[in-house]
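Single-structure report; data block below.
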Amino acid sequence: MLLGLASAAIVVTVLMCVLSGPQLIAALSRERARAARLLLARGREGRRELDYDPGRERRAELRAGALLRSCVNEEEWAMYRDLGFLRVWGDGSRYAYLIYPHKPILAYRPHSGTLLSEYCVAFPDHSRPYGSARLPDSDDVLAKWLALTADEHRVIADANMHLPGRQVDPERVRRDLLRLARWESEWVRAA
């Protein structure tokens, strides 16, 4: 008896799905079309704009790159363009810094290649509604470059200091230092 009731319930459920399925699909299609028409009408009337512009980040990076290029010298711009990072000499020539986009400032000894420490600093974009928590790469590098060249001691004193390897892979830095040495020799030869 129980088996008969269970099979009857299954048959009734399947029949309801078969009979009401096309109507349900048609109703969903009508609702999607109505929502699309409403969104399009709002856009034409200027009441609603798209929240995301896929080219905004690209345009921001192009403007940031132009600004960086106007602030640094020709050698530093070529270094950033070719290698993806900048080197800033420290107080004297005993140490220098590598500035990567969205990574800590990395201190090292140029003569030995010894990594000294990572200095974490952040320059978030607080301009709303269009800003994001992340500056364009060139703006981030420019902010660190400006801070280091203007007041190196204050930046280093205010930064969170960590041992090398916390956020930047030491092997990557060593490869980058070798690339920098090759790049500098080619730069001197070309000049």
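All of these numbers come straight from a predicted model, not from anything done at the bench. Starting from 1, each residue takes its place in the sequence as its number.
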Atom of [X], atom of [Y] and distance for their closest heavy-atom approach:
X      : Y      : value
Glu118 : Gly165 : OE2-N, 2.9 Å
Pro104 : Val168 : CD-CG2, 3.8 Å
Ala107 : Tyr119 : CB-CE1, 3.7 Å

Using the rule given for side chain to side chain donor-acceptor pair (under 3.5 Å), can you reason through Asp140 versus Tyr100, listing the C-alpha separation, both sets of side-chain angles and the distance that settles it, and then say yes or no? CA-CA 8 Å; Asp140 186 68; Tyr100 293 97; over 6 Å; no
Please lay out, stage by stage, how Glu76 and Leu68 fare under the test side chain to side chain contact (heavy atoms under 4.5 Å, CB included). CA-CA 10 Å; Glu76 289 170 326; Leu68 176 64; over 6 Å; no
Got more than 12 heavy atoms from elsewhere within 6.0 Å of CZ, Arg58?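 For Arg58, atom CZ is not crowded (no more than 12 foreign heavy atoms under 6.0 Å).
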Does Arg166 have more than 12 heavy atoms from other residues, nucleotides or ligands lying within 6.0 Å of its CZ?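 Incorrect, the count does not exceed 12.
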Taking the inter-plane angle between the rings of Trp183 and Trp187 on a 0 to 90° scale, is it parallel (under 30°), tilted (30 to 60°) or perpendicular (over 60°)?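 Parallel.
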Side chain to side chain contact (heavy atoms under 4.5 Å, CB included) assessment of Tyr97 paired with Glu152: CA-CA 10 Å; Tyr97 302 100; Glu152 171 192 353; 2.7 Å; yes
Could you tell me whether a side-chain N or O of [X] sits under 3.5 Å from a main-chain N or O of [Y], the two making a donor and an acceptor?
X      : Y      : value
Arg179 : Leu83  : yes
His111 : Tyr95  : no
Gln167 : Lys103 : no
Lys144 : Val121 : no

Between Ser138 and Leu67, is a side chain to side chain contact (heavy atoms under 4.5 Å, CB included) present by the stated rule, with each step listed? CA-CA 8 Å; Ser138 297; Leu67 180 62; over 6 Å; no
Step-by-step side chain to side chain contact (heavy atoms under 4.5 Å, CB included) determination, His162 to Ser117: CA-CA 6 Å; His162 300 287; Ser117 51; over 6 Å; no
Salt-bridge present (Arg189, Glu184; N to O < 4.0 Å):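 Looking at Glu184 together with Arg189, the answer is no, because their closest N to O distance does not fall below 4.0 Å.
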